[in-house]
Amino acid sequence: MALASSSRDDKAEKPEILPMCLAKNSFLKEFGGKDYATVNMTEKRYAPIVLKKRLKKLLKTSEPVEEYDQDGNTIILMGETGCGKSTQVPQIVHRYLKKKFPNTKRTCIAITEPRRLAALTLAARVNEEMKSTIEGIIAHSVRFDTNFFDRTRIHFLTEGILLQQIMADPFLLGYHVVIVDEAHERSIATDLILGHLRKLVYYRNKVAKMMERELFKLKVVIMTATGEASTLQSYFPGSKVLFIEGRTHPVKINYLSPSSQSDDYLSLTAATVMKLHNELPVDEHFLVFLTGQEEIEGVVKQLRATNHHFHVFVCPLYAALPKKAQENAFTIPPYGTRKIVVATNIAETSLTIPGIKVVIDSGFIKAKSYLSSHGLEAYQVQHISKSQAAQRAGRAGRECPGQVYRMYPKQHFDNFADFEEPEIKRSNLTQLHLMLPHFYKIDGSFKFMEDINPEIAVDAKLELEALDLINPLQDTKAMLTELGKRLSKFPIEPKLATVLYYATARGVLEQASSIISMMETENLFLPSNEDTRSLELQKFWAPEGDLITYLNIFTQFVKSKNSKVWCDKSRISFRAMTYAVRVRKQLIDLMKRFLEEVEVDYKPLHNQNINMTIIHCFGKTIHWQRATMDPTGKYYRIENVQKVKHSDRIKKNRIWEARVRENPGLWSLDAPPKKILHAKIHPSSTLAVARPSEIIFLKATLNEKNDLFLHHCSVYDETIANLRHSHNEITIF
DNA sequence: TGGGGATTT
């Protein structure tokens, strides 16, 4: 790893290669600033209580800020993947803190990772490298798994965990340095964390100066792939930029010649793989990037069926594939056999496959996008970005020089976008908007690196308002209702958290938690042919639909004493079930804590049909997700969330009308209603064949062929809709 | 009649 620094105005400066020891010093100098060697060591221990008091006082009296000047306390660290920054930088910073504050009992560094696995393995590797003998000095925290202690100095955690910590303590008093790894991936969590940190660095630095306590500063390192840094730099004014020289091997890039270009990228990719297989040395293993399961299985079948000059070991690789089958891709085949891994973008960032020397890149990806015209998420095959193409190519140069064959001409590549759209621009933002008021707490404002699409924001706010979780007449910082405040702490979609709340009032918390935790699992069923699947389902199949079927599966799994044998026999994923058990426990624990806080007792009901009560909780809470079947057999929504609130507002709230008139762009009542789409029940649903005339659904997706599919469906007829409950009212106001 | 990839005190 070698480092060179660049000033703010000179973005194009070429990295200068420095030896390792100098590189570390250079980094420390940048990090510590000029006072690095001469800092006055007066404080014996970290005093967060004093700090918190002063921060609160400062924020009470401070004027609104336009620019949060980082004053050199934020470093943007650019380096290629594989340059070792994720393991080295935390150690360098740790040594810096130890040297700078030798008398301080405890300093702590947080390093955020977008993925659980990365947080776990990096913590383990750094622990090994530092040969730490005291347990817990280097720790990890991911959902359901932490080994964090008070004595922890280096803390690897997932972004989601840090978000929770920010909501609990916006000043992050437990940390001296926060390192944000993989910032270029721009997950929603990254965007929230960066937006919070740029303010926090500013205020902590200000208080540290006022109190003349260097230790009270918060320093931030943002680690990102090489590329455009100017967006980050202008978002963090006064930050420093460092480059790290990569230690990856060169990758030769081969473009498709314009004459052989074709619209059928799939056949082109398959043909190229076969051609290269017969030409290249047999010990050069292949990694092929395609878009989805169906494509991959098709190409795998084709490759296996063809007679080749060399032996070939073909491995599909995608998330829905059971762990056992995924492991094939990581084995090294016997000499004389070529490994060909055919993968989705799971191999782009999440998994690193050993032995790859040749990458074949189709140039396409299946990505989620948000259609605000319909208020739903869709999966679409799209061109990759230039940075994704570079990432894919890089997979060929991890162990030795390699090459990439791009299934598109250079001219096409030049037209690709530089970067993929950040997740915040292509997702439903309901959960984000329930969290957002917490991020306004510090000084009453929050600005994202790139503004949220206002149409997506309106959809999210309408849903939250319909759930009574926000009051949009208030400013963002005061927007949450009492219920919204409580439910914002739940690690599930707001509408599901609300269902859980009403389920509690009706005495079916445990059942609703089981169902919701089952919906949180991905790939519940192991692959099997359709006939087997429908046979196996008989044991769990409930006439009411998917929700009660999930409940039956969960109940029988618990009855089997959480048995893996039972899962295998039932063609259900043991991993998914184990996960569901933990999620369910977490949800029930959270809700019980919530109930303790509001001092309400809840009692299970014993009189009526419990399944109908459960379904009623879902249907009454999310009533805009009811659908009826028309004579052609397709479903359409009975009402939509906009229409419902429209009439409510007119009736209930005169102020609302005035506000809408002031802000026609954002909240216009005259906005055209969502175009009505006709939907089908997704074939994975237990109701796909029965097709009852009235249903509720919990999720809708649009596929490539413009089919709108309804998922997690349940019968919801008049009998259920009109159920009357003698339930316990929970009042929290 | 069909599911890109992550993640949550």
Side-chain angles (χ1 to χ4, degrees), chain A residues 112-119 141-146 148 157-169 174 182 185-190 192-193 289-297 317-321 343-351 362 364-369 377-382 384 388 391 420 423 426-427 431-432 434-435 438 488-494 496-497 517 520-525 527 530 533-534 579 582-583 586-587 589-590 593 633 679-691 699 701-705 707-712:
Chain A
T112 68
E113 296 292 333
R115 282 169 290 280
R116 291 170 61 92
L117 192 65
S141 291
V142 301
R143 191 184 195 181
F144 306 130
D145 185 3
T146 177
F148 179 83
L157 32 73
T158 50
E159 293 175 335
I161 302 262
L162 188 72
L163 283 184
Q164 296 294 335
Q165 294 186 348
I166 290 171
M167 285 196 281
D169 167 25
E182 312 280 17
E185 288 189 20
R186 294 292 304 278
S187 68
I188 293 174
T190 313
L192 273 169
I193 288 170
F289 282 103
L290 290 174
T291 69
Q293 177 178 346
E294 197 182 346
E295 272 182 16
I296 288 170
E297 290 298 349
L317 186 62
Y318 46 87
L321 204 64
T344 59
N345 52 328
I346 193 171
E348 208 174 278
T349 47
S350 309
L351 302 176
S362 65
F364 285 94
I365 188 172
K366 196 178 281 183
K368 188 177 74 182
S369 55
E377 292 177 333
Y379 293 101
Q380 289 166 328
V381 172
Q382 309 165 4
I384 57 173
Q388 280 175 310
Q391 176 74 17
E420 54 271 39
E423 201 185 4
R426 48 187 183 87
S427 305
Q431 212 172 344
L432 175 112
L434 196 57
M435 287 165 67
H438 294 283
S488 67
K489 304 286 166 70
F490 276 70
I492 48 175
E493 272 184 84
L496 295 181
S517 64
E520 291 293 304
T521 66
E522 297 286 317
N523 310 314
L524 178 61
F525 294 103
E530 293 310 306
R533 159 94 55 99
S534 53
Y579 184 73
R582 303 174 98 170
V583 172
Q586 189 185 25
L587 294 179
D589 287 350
L590 275 166
R593 204 184 308 160
K680 296 175 213 162
I681 294 178
H682 192 273
S684 66
S685 168
T686 56
L687 293 180
V689 179
R691 291 200 289 180
K699 197 175 131 185
T701 56
L702 198 67
N703 75 358
E704 202 63 18
K705 291 170 229 153
D707 298 315
L708 179 60
F709 284 112
L710 308 179
H711 305 252
H712 306 314

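Residue-level contact check: A/Thr344 touches the backbone only, with heavy atoms under 4.0 Å from sugar-phosphate atoms and none from bases. Here A/Ile365 lies out of heavy-atom contact (under 4.0 Å) with every strand. Within the 4.0 angstrom heavy-atom criterion, no nucleotide atom of any strand lies near A/Glu159. Residue-level contact check: A/Val381 touches neither bases nor backbone, having no heavy atom under 4.0 Å from any strand. Across all strands shown, A/Ala319 has heavy atoms under 4.0 Å from sugar-phosphate atoms exclusively, and none from any base. Among the heavy atoms of the strands, none lies under 4.0 Å from A/Lys680. Using a 4.0 Å heavy-atom criterion, one finds that A/Phe709 contacts the sugar-phosphate atoms exclusively.
Between A/Glu420 and A/Ile384 there is no side-chain heavy-atom pair separated by less than 4.5 Å. With contacts defined as side-chain heavy-atom distances shorter than 4.5 Å, the pair A/Gln388/A/Glu348 qualifies. Side-chain atoms of A/Phe144 and A/Gln586, non-hydrogen and from C-beta on, do get closer than 4.5 Å to each other.
Computed from coordinates, the A/Leu162 CG to B/dT7 C1' distance equals 13 Å when rounded to whole Å. For the pair A/Ile166 CD1 and B/dT8 C1', the interatomic distance rounds to 13 Å; values are reported in whole Å. Rounded to a whole Å, the CD1 atom of A/Ile296 is 18 Å from the P atom of B/dG2. Separating the CG atom of A/Leu117 from the P atom of B/dT7 is a distance of 8 Å, rounded to the nearest angstrom. Rounding to whole angstrom units, CZ of residue A/Phe144 and P of B/dT7 are separated by 12 Å. Going from atom CG of A/Leu290 over to atom C1' of B/dG5 covers 15 Å, rounded to whole Å. Look at CD1 on A/Ile492: it is 18 Å from P on B/dT7, rounded to the nearest Å. A/Gln391 places its CD atom 16 Å from the P atom of B/dG5, with the value rounded to the nearest Å.
A donor-acceptor pair is defined here as one N or O able to donate and one able to accept, closer than 3.5 Å; no such pair exists between the side chain of A/Ser685 and the backbone of A/Ile681.
The side chain of A/Asn345 lies closest to B/dG5, out of B/dG2, B/dT7, B/dG5. Set against B/dT7, B/dG2, B/dT8, the side chain of A/Pro683 has B/dG2 as its closest nucleotide. In the set B/dG2, B/dT8, B/dT9, the nucleotide with an atom closest to the side chain of A/Val142 is B/dT8.
Using a 4.0 Å cut-off, no side-chain N or O of A/Gln586 falls inside it from OP1 or OP2 of B/dT8. One finds a side-chain N or O of A/Arg143 lying less than 4.0 angstrom from the OP1 or OP2 phosphate oxygen of B/dT9. An OP1 or OP2 oxygen of B/dA6 is reached within less than 4.0 angstrom by no side-chain nitrogen or oxygen of A/Thr158. Of the side-chain N and O atoms in A/Arg691, none sit less than 4.0 angstrom from OP1 or OP2 of B/dT1. Between A/Asn703 and B/dG2, a side-chain N or O to OP1/OP2 separation shorter than 4.0 Å is absent.
Checking A/Tyr579 against A/Gln293, the closest nucleotide of DNA chain B that is more toward the 5' end is the one next to A/Gln293. Nearest-nucleotide assignment on DNA chain B puts the 5′-proximal partner with A/Thr291, out of A/Phe490 and A/Thr291.
Residue-environment remark: CZ (A/Arg143) exceeds the threshold of 12 foreign heavy atoms within 6.0 Å.
For A/Glu423 and B/dG5, a side-chain-to-base donor-acceptor distance below 3.5 Å is present, hydrogens and geometry of angles not being considered.
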Yes or no on side chain to side chain donor-acceptor pair (under 3.5 Å) for A/Thr349 and A/Gln391, after CA distance, side-chain angles and deciding distance? CA-CA 8 Å; A/Thr349 47; A/Gln391 176 74 17; over 6 Å; no

